[in-house]
Amino acid sequence: MTNGIKTAALMGLMSGLILVAGALLGGRTGLTIALLIAIGTNAYAYYNSDKMALRAMHAQPVTAAEQPAMHRIVQELSAEAGQPMPRLYISPTQAPNAFATGRNPKNAAVCCTTGILQILDERELRGVLGHELAHVYNRDILISSVAGALAAVIMWLVNLAWLTGGR
């Protein structure tokens, strides 16, 4: 099964759970409201998952002048793969980490923390960035982003049900 089909199936399953919760909470009216929430959540998660992840990490865009090695490595790897170069970001976090986010290769971003940039040499950084680019080009990142956003909505609905006593 391709990642596109997996993402569509996940969005359908999570939307179904939102609809069931809405129907249980409010009958026909709850189902209608849940349908609107599911559609809105799917659209928001699809188009904004990269921005949510980058904002959560306080990431800032980085230029070639600011991070020449990171920029050069990603540019070379993208060219070798015949894929567009993603936007590059730095997160002011000491924990060594890197991640990729976005809905497709044309709208992707790769982020490194300051911590990982301090401890890796260029060869190691190339390996990490190559790993992240593989996630971008295999479209793995959309699945996890959409799953996180839809799970957050389901938890919100569960909390709402708990607070309202199931009504």
Side-chain angles (χ1 to χ4, degrees), residues 1-19 34-118 120 122 124-157:
M1 189 182 314
T2 67
N3 283 337
I5 293 170
K6 288 178 187 177
T7 301
L10 176 65
M11 291 174 90
L13 176 67
M14 297 298 265
S15 295
L17 291 173
I18 292 171
L19 294 175
L35 177 61
L36 295 174
I37 290 171
I39 291 169
T41 303
N42 281 324
Y44 187 82
Y46 183 79
Y47 288 105
N48 296 298
S49 60
D50 59 336
K51 294 171 193 75
M52 292 183 336
L54 293 166
R55 194 175 316 123
M57 292 295 292
H58 306 287
Q60 296 298 315
V62 66
T63 65
E66 295 167 323
Q67 279 295 326
M70 182 181 176
H71 191 273
R72 184 181 66 257
I73 291 167
V74 173
Q75 192 172 39
E76 288 171 4
L77 293 173
S78 297
E80 286 175 23
Q83 296 285 339
M85 183 170 159
R87 301 180 322 270
L88 300 179
Y89 288 81
I90 300 291
S91 171
T93 306
Q94 286 304 306
N97 195 14
F99 66 93
T101 185
R103 65 184 180 270
N104 57 41
K106 289 181 183 176
N107 296 289
V110 173
C111 179
C112 290
T113 64
T114 54
I116 202 166
L117 293 172
Q118 291 170 353
L120 297 184
E122 193 166 322
E124 294 166 328
L125 183 60
R126 179 179 283 279
V128 167
L129 291 170
H131 172 89
E132 296 308 326
L133 289 174
H135 286 306
V136 170
Y137 302 145
N138 288 319
R139 299 176 194 259
D140 300 337
I141 53 180
L142 177 61
I143 295 170
S144 59
S145 298
V146 168
L150 293 177
V153 169
I154 289 173
M155 288 308 299
W156 178 79
L157 288 172

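All residue numbers in this chain count up from 1 along the given sequence.
Nearest heavy-atom pair across A53 and T101 is CB-OG1, 3.8 Å. In plain terms, the two heavy atoms of M52 and Y44 that are nearest each other are SD-CE2, 3.2 Å. Closest of all the heavy-atom pairs between A100 and V136 is CB-CG2, 3.6 Å. The minimum heavy-atom distance between C111 and I90, with the atom names listed, is SG-C, 4.1 Å. Scanning both residues, Y137 and P84, for their nearest heavy atoms gives OH-O, 3.2 Å.
Paired with V74 under the rule side-chain contact (heavy atoms from CB on, under 4.5 Å), one option of E132, R126, M85 passes, and it is M85.
Checked by atom type and distance alone, the side chain of T113 pairs as donor or acceptor with a backbone atom of A95 at under 3.5 Å. Between the S91 side chain and the M57 main chain, a donor and an acceptor come within less than 3.5 Å of each other.
For residues 41-52, the set of pairs meeting the salt bridge (charged side-chain N to carboxylate O under 4.0 Å, His left out) definition, not counting sequence neighbours, comprises D50-R87.
To the nearest 0.5 Å, atoms CG (L36) and CD1 (I18) are separated by 11.5 Å. K106 contributes atom NZ, which lies 10.0 Å from atom CD of Q83 (distance to the nearest 0.5 angstrom). Taken to the nearest 0.5 Å, the CG atom of L54 stands 11.5 Å off from the CG atom of N48. To the nearest 0.5 Å, the span separating CG on L88 from CE on M70 amounts to 4.5 Å. One distance of note links SG of C112 with CG of L125; it measures 5.5 Å at 0.5 Å rounding. Rounding to the nearest 0.5 angstrom, the gap separating the CG atom in L35 from the CD1 atom in I39 is 4.0 Å.
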N/O donor-acceptor pairs under 3.5 Å from side chains in residues 61-69, not counting sequence neighbours:
from: T63; atom 1: OG1; to: A65; atom 2: N; distance (Å): 3.4
from: T63; atom 1: OG1; to: E66; atom 2: N; distance (Å): 3.2
from: T63; atom 1: OG1; to: E66; atom 2: OE1; distance (Å): 3.3
from: E66; atom 1: OE1; to: T63; atom 2: N; distance (Å): 2.8

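Among residues two or more places apart in sequence or in another chain, the salt bridge (charged side-chain N to carboxylate O under 4.0 Å, His left out) test is passed with R139 by none. Residues that satisfy the side-chain hydrogen bond (donor to acceptor under 3.5 Å, both in side chains) test with N138, not counting sequence neighbours, are absent from this structure. The side-chain hydrogen bond (donor to acceptor under 3.5 Å, both in side chains) search around E122 returns R72, not counting sequence neighbours. Taking R103 as the reference, nothing meets the salt bridge (charged side-chain N to carboxylate O under 4.0 Å, His left out) condition, with sequence neighbours excluded.
The shortest distance between side-chain heavy atoms of I116 and N97 does not fall below 4.5 Å. P105 places none of its side-chain heavy atoms less than 4.5 Å from the side chain of P86.
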May I have the step-by-step check of side chain to side chain contact (heavy atoms under 4.5 Å, CB included) for F99 and H135, ending in yes or no? CA-CA 9 Å; F99 66 93; H135 286 306; over 6 Å; no

